[in-house]
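Proteins get letters first, then strands, A, B, ... in listed order; numbering begins at 1 in each. The model shown is predicted, which means the values in this text are computed figures rather than measured ones.
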Amino acid sequence: MHVVSFTRSTPDTAAKVWVNEEGKVTWGDVATVVNPWDEYSLEEAIVQAKRCAGEATVIAIGPDINDDALKHSIAMGITNALRIDEPKADIRDSLVWSALAAGAIKKLGNVELVVFGKESVDVATDQHSYQLARRLGWTMLSYVSNIIALDPDTGTIRVEQMLEQGKRVLSARLPAVITVMKGINEPRYPNFLGIRKAAKAQIPVWSAANLGIALPVAATTVVAYHNPPVRDVATEIIPGKDSAEKAAILAERLFEEKVL
Amino acid sequence: MSVYVWIETYAGRANPSSWEALAAAAKLAENLGSDVTALVFGENARTIATEAGHFGATNAYICNDEAVNEYRLEAYAQLMTDLVKQHQPAFVLAVASSRGRELLASSAVDTESGLIADATDLRLDKRRIVATRPAYAGKVSMEMTSNSTTTYITVRGRAFQAPPRDANATVSLAEIQTVLTMNDITVEAESFTDAADDVNLTDAAIIVSGGRGMANNPKQVPSDQDTVDPNVWKAKDGFENTLRPLAAVLGAAVGASRAAVDAGYIPYEHQVGQTGKVVNPDLYIACGISGAIQHQAGMRGSKIIVAINKDAEAPIFKLARYGIVGDLYDVVPALTAALQRKLGS
Ligand SMILES: Cc1cc2nc3c(=O)[nH]c(=O)nc-3n(C[C@H](O)[C@H](O)[C@H](O)COP(=O)(O)OP(=O)(O)OC[C@H]3O[C@@H](n4cnc5c(N)ncnc54)[C@H](O)[C@@H]3O)c2cc1C
Ligand SMILES: Nc1ncnc2c1ncn2[C@@H]1O[C@H](COP(=O)(O)O)[C@@H](O)[C@H]1O
């Protein structure tokens with residue numbers, strides 16, 4: 001059983017992020033972290049690979065800033081890491097991204113399960129996993145809150161899926177691509193041995209040519225990034241001699257605002 | 001070059017957020033001199049398509065075969081893909097719900113088309129789409145364009161206003177057949193458990209949220225409950241008997257901070273923020289929430305924010321239009337009573 005997880009580096013969630021004079025997104029020299037949603041997918045990949053006596057590989061697509069996320073993954077316990085870097089590809093377009101991702105999965109050859117986090121905290125598109133599954137022609141199971149059973153021998157997987165309307169139990173055939181939710185597990189913290197292993201790890205980098213694929217033309221392009229208008233709120237701290245009076249005034253204000 | 005809108009349905013009813021997608025589509029169609037076609041698959045497709053007509057669709061493709069009776073990604077994506085390949089619409093829109101996102105992303109790859117997720121504004125610049133979408137937890141906004149024949153776009157819930165309903169408007173229906181049979185579908189749905197009514201945060205017009213402060217409930221833990229963590233008991237009781245009554249008076253959904261979720265006060269479905277749900281209500285009432293940057297990431301888009309916190313220095317007050325400095329266990333019941341009086345009359 002070979003389990004693959006995709007991840008990348010994202011700016012720390014507490015970092016100040018803005019668009020600079022050149023129109024580029026920046027967060028100064030604040031460090032990046034592994035995409036927080038991926039802590040769950042990486043943990044799940046480690047757990048499931050171990051349960052099936054298999055191996056786990058993590059892949060990032062993009063420039064070397066992503067090595068931080070890959071090293072974090074190794075420190076957590078992922079066995080192999082790999083980065084795809086193709087300077088000619090605009091990976092912000094997910095058609096291009098998924099072509100590279102599918103190329104990598106095919107080249108690895110024996111993968112039966114791909115685990116994604118629900119989304120990237122920065123772009124939050126929640127679209128990469130589906131496009132990979134579709135390119136591979138594999139089963140797609142999204143928003144998984146629990147893997148109830150995974151059996152590589154019978155090639156089956158049973159999961160609980162969490163949607164706006166409630167929870168569903170789904171069973172399906174492998175190979176499959178899944179996205180996992182927070183709460184599916186308790187992601188581990190890297191331990192000393194893991195961190196040492198990560199520090200020493202050499203991460204292979206593959207290009208589109210290495211994957212033997214032709215890149216599709218990007219369909220979408222980013223025209224511009226903007227700093228959104230500052231949210232200019234005048235806060236009114238409601239006065240009053242006690243809670244009852246304050247509450248009555250607030251209720252009045254909310255009616256005036258016409259939000260009730 | 002029609003503009004397609006996938007109408008999301010659930011248990012034979014439309015997700016009303018889909019009408020917002022119809023509004024976004026109508027604007028594009030008008031600029032293109034084209035029309036809006038609803039795609040309605042599954043149980044009650046005909047009735048729902050008629051309803052879509054009341055909200056601006058002029059045409060509809062409907063399908064209600066066994067394979068699409070319930071939502072199934074494989075069957076739905078195949079139907080959508082076939083329609084797009086055949087008719088090459090300029091756009092395919094849907095609301096950016098869980099299913100809207102996976103369905104449009106899947107079909108976009110099938111047709112090698114551009115995909116723009118979670119748009120909050122759409123305009124045409126000489127027939128070229130320019131979509132605005134938030135990124136970096138709303139700290140940055142980005143403009144995207146697409147050069148493919150068909151562009152798939154999911155629109156953020158509550159970013160576009162649903163059109164007024166016109167019960168006299170008619171829609172021309174065309175019935176289509178599925179291409180996949182049940183045998184082609186590898187995913188089997190075994191069971192379903194409905195979510196509680198008050199967790200549908202993304203569609204909610206009003207949200208009442210609780211944080212770690214919920215644990216400071218003055219109530220005594222009953223003696224038969226002494227095996228549970230007293231903070232957990234107090235916070236759960238607070239969500240149930242202090243926050244929910246306020247939510248009930250307002251018809252609001254119940255949200256929570258990650259601190260409250262991680263401490264086991266309330267299930268994850270309720271979490272608002274960067275690793276929870278992003279919400280855009282008209283009114284967001286934060287009770288016992290400090291307003292950490294990751295929480296703000298999920299609720300900054302709310303129209304009116306109210307903060308109830310005993311710490312006058314809490315960062316949430318910087319975001320709030322109205323604040324009450326005080327103990328939520330005094331303020332929330334008083335607010336519930338005050339609103340009940342006003343809404344009752
Ligand atoms: C990667 C990452 C992702 C994250 N994602 C999220 C996310 O999605 N959502 C999220 O919310 N957080 C998220 N966080 C956590 C976030 O940083 C904060 O820790 C969290 O939001 C704090 O929750 P809180 O405001 O309930 O608790 P606290 O910060 O402890 O605040 C509690 C507040 O309650 C007030 N209070 C206490 N008692 C009372 C009372 N009786 N009456 C009135 N007020 C009272 C206090 O004054 C205080 O302001 C994330 C963090 C990280 C690192
Ligand atoms: N360039 C990338 N390399 C590896 N994984 C990625 C990349 N972009 C997105 N992902 C993963 O795709 C999942 C869904 O993210 P998204 O569709 O970007 O919101 C997350 O687990 C991300 O880490």
Tell me, side chain or backbone of [X] under 4.5 Å from chain B's heavy atoms, or both, or neither?
X: A:Ala176; result: neither
X: A:Val25; result: side chain
X: A:Arg158; result: side chain
X: A:Tyr143; result: side chain
X: A:Ala133; result: neither
X: A:Glu119; result: side chain
X: A:Ser171; result: both
X: A:Leu141; result: side chain
X: A:Ile238; result: both
X: A:Pro11; result: side chain
X: A:Ile249; result: neither

Counting heavy-atom pairs closer than 4.5 Å to chain B, which one of [options] comes out on top?
options: A:Val222, A:Asp242, A:Asp93, A:Leu95; answer: A:Leu95
options: A:Met181, A:Lys118, A:Glu252; answer: A:Glu252
options: A:Ala218, A:Ala99, A:Ala224, A:Ala244; answer: A:Ala224
options: A:Leu132, A:Val123, A:Thr179; answer: A:Val123
options: A:Val19, A:Thr139, A:Leu250, A:Leu163; answer: A:Leu250

Please classify the contact of [X] with chain A as side chain, backbone, both or neither, using a heavy-atom distance under 4.5 Å.
X: B:Thr202; value: side chain
X: B:Glu102; value: both
X: B:Tyr10; value: side chain
X: B:Ala77; value: both
X: B:Ala108; value: both
X: B:Val306; value: side chain
X: B:Val278; value: neither
X: B:Leu115; value: both

Atom [atom1] of [X] and atom [atom2] of [Y]: how far apart are they, to the nearest 0.5 Å?
X: A:Gln161; Y: B:Phe192; atom1: CD; atom2: CZ; answer: 9.0 Å
X: B:Leu283; Y: A:Lys258; atom1: CG; atom2: NZ; answer: 14.5 Å
X: B:Leu103; Y: A:Tyr130; atom1: CG; atom2: OH; answer: 10.5 Å
X: A:Gln131; Y: B:Ser106; atom1: CD; atom2: OG; answer: 7.5 Å

Quick one: which of [options] has the most heavy-atom pairs under 4.5 Å with chain A, could you say?
options: B:Ala307, B:Ser141, B:Ala117; answer: B:Ser141
options: B:Ser113, B:Ala292, B:Gly326; answer: B:Ser113
options: B:Asn200, B:Ile304, B:Asp118; answer: B:Ile304
options: B:Met142, B:Met144, B:Arg101; answer: B:Arg101
options: B:Ala189, B:Pro281, B:Ser148, B:Pro267; answer: B:Ala189
options: B:Asn147, B:Val130, B:Ile293; answer: B:Asn147

Heavy-atom check, side chain of [X] versus side chain of [Y], under 4.5 Å:
X: B:Leu250; Y: A:Leu260; value: yes
X: A:Phe255; Y: B:Leu343; value: yes
X: A:Arg231; Y: B:Ile305; value: yes
X: A:Asp126; Y: B:Thr154; value: no

Chi angles and distances behind the side-chain contact (heavy atoms from CB on, under 4.5 Å) call for B:Glu74, A:Met140: CA-CA 9 Å; B:Glu74 291 153 298; A:Met140 178 73 225; over 6 Å; no
Give the minimum heavy-atom separation between A:Ala124 and B:Arg133, together with the two atoms involved.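 Residues A:Ala124 and B:Arg133, closest heavy atoms: O-NH2, 3.5 Å.
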Is there a donor-acceptor pair closer than 3.5 Å between any side-chain N or O of A:Thr235 and the backbone N or O of B:Ala320?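 Answer holds: yes.
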Are any side-chain N or O atoms of A:Lys246 and backbone N or O atoms of B:Ala334, one a donor and one an acceptor, separated by less than 3.5 Å?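 Such a contact is absent between A:Lys246 side chain and B:Ala334 backbone.
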Evaluate the criterion side-chain contact (heavy atoms from CB on, under 4.5 Å) for residue pair A:Gln165 and B:Asn15; output intermediate values, then yes/no. CA-CA 10 Å; A:Gln165 302 88 355; B:Asn15 171 358; 5.6 Å; no
Could you check whether B:Glu112 pairs with A:Arg135 (Lys NZ or Arg NE/NH1/NH2 to Asp/Glu carboxylate O, under 4.0 Å)?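 Salt bridge: yes.
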Charged N-O contact under 4.0 Å between B:Lys277 and A:Glu164: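 Judged by the 4.0 Å cut-off on N to carboxylate O distance, B:Lys277 and A:Glu164 do not form a salt bridge.
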According to side-chain hydrogen bond (donor to acceptor under 3.5 Å, both in side chains), does anything in residues 314-334 of chain B pair up with another residue at least two apart or in another chain? List the pairs.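 Sorted result for residues 314-334 of chain B: A:Glu257-B:Tyr322.
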